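Because only heavy atoms are used, hydrogens play no part in the values below, and waters and symmetry mates are left out as well, while side chains stay in. Please read all numbers here as calculations on a predicted model, not as lab measurements.
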2 protein chains.
Amino acid sequence: MEERSMNDERRERGSGPWGKEFRGVEARPRNWLVPVILLSLRDWNSYGYELMERAAKFGFEAINPGTLYRTLRQMEKEGIVKSTWETSKGGPARRMYSITDAGRAYLDFWAKSLEQYQQMMDTFFRMYTGRPMRDEPEDEERGNKERR
Amino acid sequence: MEERSMNDERRERGSGPWGKEFRGVEARPRNWLVPVILLSLRDWNSYGYELMERAAKFGFEAINPGTLYRTLRQMEKEGIVKSTWETSKGGPARRMYSITDAGRAYLDFWAKSLEQYQQMMDTFFRMYTGRPMRDEPEDEERGNKERR
DNA sequence: AGTACATATATGTAGGATGCATATACAATG
DNA sequence: CATTGTATATGCATCCTACATATATGTACT
């Protein structure tokens with residue numbers, strides 16, 4: 001043993017060290033899977049099952065296969081990837097995906113917006129670790145904040 | 001003019017410089033609003049309408065009021081904030097919110113998970129700007145990647 | 001031949017988050 | 001008394017995603 005299949009891994013889901021109180025309380029972006037897939041496909045053509053393993057190296061401990069495959073079909077519908085069946089290799093047929101020009105554009109666009117978003121997070125952390133916001137009163141009329 | 005009310009601002013929504021091709025393609029976090037509210041309330045008690053202005057300084061250009069108020073009620077149901085009506089000031093009654101102990105715990109928990117997530121983004125950027133992943137073949141049997 | 005397992009893709013369903021539209025009400029101002 | 005700003009709230013539709021489940025093929029082993 002020690003070699004573990006994807007089928008095994010996806011059955012486990014850590015609940016974290018805080019108990020079930022905070023299940024689902026994670027900072028995750030929406031639609032994260034799409035850019036991750038595109039980034040993989042930018043350099044190598046690949047298929048669903050393999051992409052699952054790739055994404056695991058990202059921070060997705062165990063992606064849901066259903067979510068992944070559905071996302072891939074959706075991405076193809078949107079024209080940011082395209083696929084062909086590959087039957088030459090042994091085992092079940094694979095749907096090989098490759099990125100399109102639109103996909104590359106999408107990826108670039110997303111990366112740009114990610115920079116913006118990182119600034120938001122920096123702001124958040126500065127406020128979280130540091131003092132409260134420093135531009136407070138600004139208006140005596142509405143000075144109704146209760147200091148705690 | 002020049003002084004603009006929240007009611008005005010929320011009617012505008014920039015579509016960005018890329019046309020409508022990429023509308024909605026942004027790196028946005030899930031559930032971002034909750035920690036932002038909690039962070040605000042950690043230092044100052046406040047109410048919905050004011051929190052809208054606060055959040056605007058974050059990167060939320062114009063939060064949806066509906067979303068905000070609904071989120072606040074939901075947060076109260078979960079016990080991470082609590083509220084009382086304030087009628088002493090002029091104008092319509094305000095529902096003043098304050099953070100609870102559970103809310104502080106939630107915030108801390110979220111901030112921790114945010115660190116983790118930032119690492120994911122760093123990984124993403126390193127891969128995006130740099131070379132493809134460097135630990136590729138690892139298994140000759142499955143060497144079916146097509147270099148592009 | 002038969003059984004178990006890894007590989008591979010896919011759908012049905014349900015719940016949660018969120019955007020947009022809309023409704024309501026109070027107070028100040030002219 | 002009409003308009004604007006302040007303030008809170010609900011209904012509806014849509015998107016995202018987790019979970020469960022279905023199906024099929026190839027390989028290894030007995």
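Of the candidate nucleotides D:dA7, C:dA8, C:dA10, D:dA7 has the atom lying nearest to any side-chain atom of B:Arg94.
For the side-chain contact (heavy atoms from CB on, under 4.5 Å) criterion with A:Arg73, the lone passing option out of A:Met75, A:Arg70, A:Glu76 is A:Glu76.
Within 6.0 Å of the CD atom in A:Gln74, the count of heavy atoms belonging to other residues, nucleotides or ligands exceeds 12.
Neither OP1 nor OP2 of D:dC16 sits under 4.0 Å from any side-chain N or O of A:Asn64. Taking side-chain N and O atoms only, A:Arg95 has a distance below 4.0 Å to OP1 or OP2 of C:dA10. For B:Arg30 and C:dT18, the shortest distance from a side-chain N or O to OP1 or OP2 is not below 4.0 Å. Dashed line: the shortest gap from a side-chain N or O of B:Tyr69 to OP1 or OP2 of D:dT8 is under 4.0 Å. Note on A:Arg70: every side-chain N or O is 4.0 Å or more away from OP1 and OP2 of D:dA18. Distances shorter than 4.0 Å separate none of the side-chain N or O atoms of A:Tyr49 from OP1 or OP2 on C:dT9.
Counting to the nearest Å, the P atom of C:dA25 and the NZ atom of B:Lys89 are 25 Å from each other. Distance CG (A:Asn31) to C1' (D:dT17): 10 Å, rounded to an integer number of Å. Atom CD of A:Gln74 is separated from atom C1' of D:dT17 by 13 Å (rounded to the nearest Å). Atom-to-atom, CE of B:Met52 to P of D:dA7 comes out at 10 Å; the value is rounded to the nearest Å. Per the geometry, CG belonging to B:Leu68 stands 15 Å off P belonging to C:dA17, to the nearest Å. In this structure, the CG atom of A:Leu33 is 11 Å from the C1' atom of D:dC16, given to the nearest Å. As rounded to whole Å, 17 Å separates atom P of D:dC15 from atom CE of A:Met75. Atom P of nucleotide C:dT9 and atom OH of A:Tyr47 are separated by 7 Å, given to the nearest angstrom.
Proximity of a side-chain donor or acceptor of A:Arg30 to a complementary backbone N or O of B:Glu26 within less than 3.5 Å is not detected. Using modelled atom types, no side-chain atom of B:Ser40 and backbone atom of B:Ile37 make a donor-acceptor pair closer than 3.5 Å. Checking side-chain atoms of B:Thr100 against main-chain N and O of B:Gly79 turns up a donor-acceptor pair under 3.5 Å.
Both A:Trp32 and A:Gly91 lie close to DNA chain D; mapped to their nearest nucleotides by heavy-atom distance, the more 5′-ward contact belongs to A:Trp32. Heavy-atom nearest nucleotides on DNA chain D were determined for A:Pro92 and for A:Pro29, and the one closer to the 5' end corresponds to A:Pro29. Nearest-nucleotide mapping onto DNA chain C: of A:Arg73 and B:Thr71, the residue sitting toward the 5' end is A:Arg73.
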